[in-house]
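Accompanying notes for the structure given below.
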Amino acid sequence: MTYLEPSTSNVDEPFPSQDPDCDPLERQYEELRERNAVQSPIYVLPPEILSLIFQFVCPSLNLNKHYGIEQEGGKSTRRFQFNLSAVSAFWRQVVFSTPHLWTSVDISTQPISVGHASEILRVFFTGSGELPISIGLSFFHLLDVDEMASPISPNYPKSRIQELHLNQPPESLISDLTSSYTSLFRLSISSPQYKAKVLSLDVPCSHLTLQHTTMRVELHSATITNLHLRELREDVCLELLKVCVNMVEFRCRSPNSENFPIPLPTSPFTLPHLKTLEWSLCTQSIVDRAMLRNIRVPALETLVWVEEDDEDLEVTDPRITFFEHLPPTLSTLQMDGPTDGFEFSSAASDLIRRELNVDHLLMRNCHGKNINSLLHDLILNEEKPERPIGLPRLKTITIHYSANQPLISVNFDTLLQVVESRLRHRSQSFPQRSMHLNMFVDSGLVDWPIEFKEGVKDLVRRGLEVEFTEKSVPISWL
């Protein structure tokens with residue numbers, strides 16, 4: 001009605017008529033419709049501009065956020081393409097003439113609706129033209145999974161699929177994962193409905209995520225560079241870590257600790273290209289101890305240290321062996337707090353106090369005594385010059401935490417001592433390097449002590465660079 005108002009002011013004026021027999025009211029209605037169509041700004045836009053608007057407000061789905069081990073954000077099966085195309089014939093033409101709008105789709109399906117899911121995929125394959133496409137498929141099994149066909153028809157161009165994310169996929173779809181997916185970049189499989197004891201994959205992808213399965217996994221492709229595992233058997237995780245010699249990033253979270261008969265390594269093995277290593281560590285596990293004792297990572301740049309217990313170091317502890325073989329390339333150290341409320345073990349302190357070339361220290365899920373013990377190990381004591389300087393090249397300290405598990409007052413005091421001692425050390429040993437302190441509050445608000453505020457402001461005047469946020473919003477007192 002917005003665009004009808006200017007025309008209705010002249011509704012009583014006579015209109016030129018090409019058909020003398022036409023009813024006057026019909027002529028007026030037709031003229032109003034034509035005037036409204038001309039005056040609507042959206043119809044004045046060229047289709048190329050409208051296409052760009054659609055692409056900006058309706059970007060491709062980030063399927064890895066939902067299907068990856070981070071599992072950030074909610075699942076989205078919203079298919080805006082069909083809503084846009086239903087507005088008018090003009091919009092429909094623009095939507096189906098814009099291949100970039102059809103390059104990602106997320107579908108949830110039941111066995112009885114596999115045909116519908118397959119038809120949706122056909123529309124997206126057609127609409128995306130020759131562009132690569134990313135597909136997410138979640139299955140809800142109400143019938144016998146053996147009877148479920150794959151929604152990815154043999155007639156579809158599998159060579160155009162660049163990402164494939166599968167949740168509870170049936171055996172027919174897993175068996176279909178072959179080398180025909182020639183352009184596949186990322187594959188994720190969660191809770192596969194597979195009756196065999198071994199999950200065998202021969203897909204030439206570089207990024208692979210596997211979650212929630214007790215099966216042994218066999219990989220027949222040497223192309224994998226990024227491997228993410230969650231809730232797999234720990235012996236399977238170690239076996240995959242050892243055999244993927246071209247791997248650049250390996251992350252293992254919440255492995256199952258049951259003992260299974262896969263042989264464990266008894267001699268050192270080297271991963272020459274590995275730059276990022278994350279492993280949820282339980283020191284009582286023979287698998288974890290075998291990994292720590294034998295892995296060699298000469299190119300490692302990022303270590304994510306996750307402790308699942310608080311066992312202190314022993315004389316022959318394999319963690320010491322692991323620490324002693326950390327390479328000079330290590331530049332980022334991430335310390336994740338124990339998930340079960342334990343405090344960090346003495347191994348974490350031993351790691352912090354080592355003379356590593358770490359630039360960036362990141363602490364997550366750390367609070368209370370946990371973070372205070374780590375911070376205390378970072379204070380440089382000038383009165384004891386004989387004590388080795390832990391992380392002497394440290395440039396950035398980043399802390400992520402929730403206000404639901406607040407930092408106690410001593411944490412703020414210790415943090416100020418850390419930064420002050422590091423600033424003094426920097427001015428003497430690395431005068432050209434700046435010092436950064438970042439604190440990100442993921443939820444809730446922090447009751448920042450006045451002494452801490454004033455201390456931080458003083459350190460800023462002395463060269464400290466800071467970034468403090470609460471719920472992604474910069475704090476107001478800096």
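Scope of the values below: all heavy atoms of this structure, side chains included, with no hydrogens, waters or symmetry mates.
- Partners of Glu278 according to the salt bridge (charged side-chain N to carboxylate O under 4.0 Å, His left out) rule, which considers only residues two or more places apart in sequence or in another chain, are Arg251, Arg253.
- Between Trp91 and Phe54, the angle of the ring planes goes over 60°, which puts this pair in the perpendicular group of the 30/60° scheme.
- A donor and an acceptor atom, one from each side chain of Arg160 and Ser128, are located under 3.5 Å apart.
- When atom types are taken as modelled, the side chain of Ser421 and the backbone of Val418 share a donor-acceptor pair closer than 3.5 angstrom.
- Looking at Trp305 and Glu307, their side chains do bring a donor and an acceptor atom within 3.5 Å of each other.
- When each of Leu375, Leu378, Leu437 is checked for a side chain to side chain contact (heavy atoms under 4.5 Å, CB included) with Val419, only Leu437 meets the rule.
- Judged by distance alone, the side chains of Ser51 and Thr98 do bring a donor and an acceptor atom under 3.5 Å apart.
- When His207, His228, His273 are each tested for a side-chain hydrogen bond (donor to acceptor under 3.5 Å, both in side chains) with Glu249, only one passes: His228.
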Go through the steps to decide whether Asp176 and Lys158 satisfy the test salt bridge (Lys or Arg N to Asp or Glu O under 4.0 Å), and finish with yes or no. CA-CA 10 Å; Asp176 185 52; Lys158 299 175 184 177; 2.7 Å; yes
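- A donor-acceptor contact under 3.5 angstrom links the side chains of His360 and Thr398, judged on distance only.
- For Asn294 (side chain) and Pro265 (main-chain N/O), a donor-acceptor pair under 3.5 Å exists by modelled atom type.
- Of the N and O atoms on the side chains of Ser349 and Asp377, at least one donor lies less than 3.5 Å from an acceptor on the other residue.
- Judged by distance alone, the side chains of Glu301 and Thr276 never bring a donor and an acceptor atom under 3.5 Å apart.
- Formation of a donor-acceptor pair under 3.5 Å by the Ser183 side chain with backbone atoms of Ser159 is found in this model.
- Taking the six-membered ring for Trp and the full ring otherwise, Trp102 and Phe82 have centroids separated by under 6.0 Å.
- Side-chain contact, His376 with Thr414: no donor N or O sits under 3.5 Å from an acceptor N or O.
- Side chains of Ser200 and His220: a donor-acceptor N/O pair is present below 3.5 angstrom, by distance only.
- The pair Glu239-Lys242 fails the salt-bridge criterion, with no side-chain N (NZ, NE, NH1 or NH2) lying under 4.0 Å from an Asp/Glu carboxylate O.
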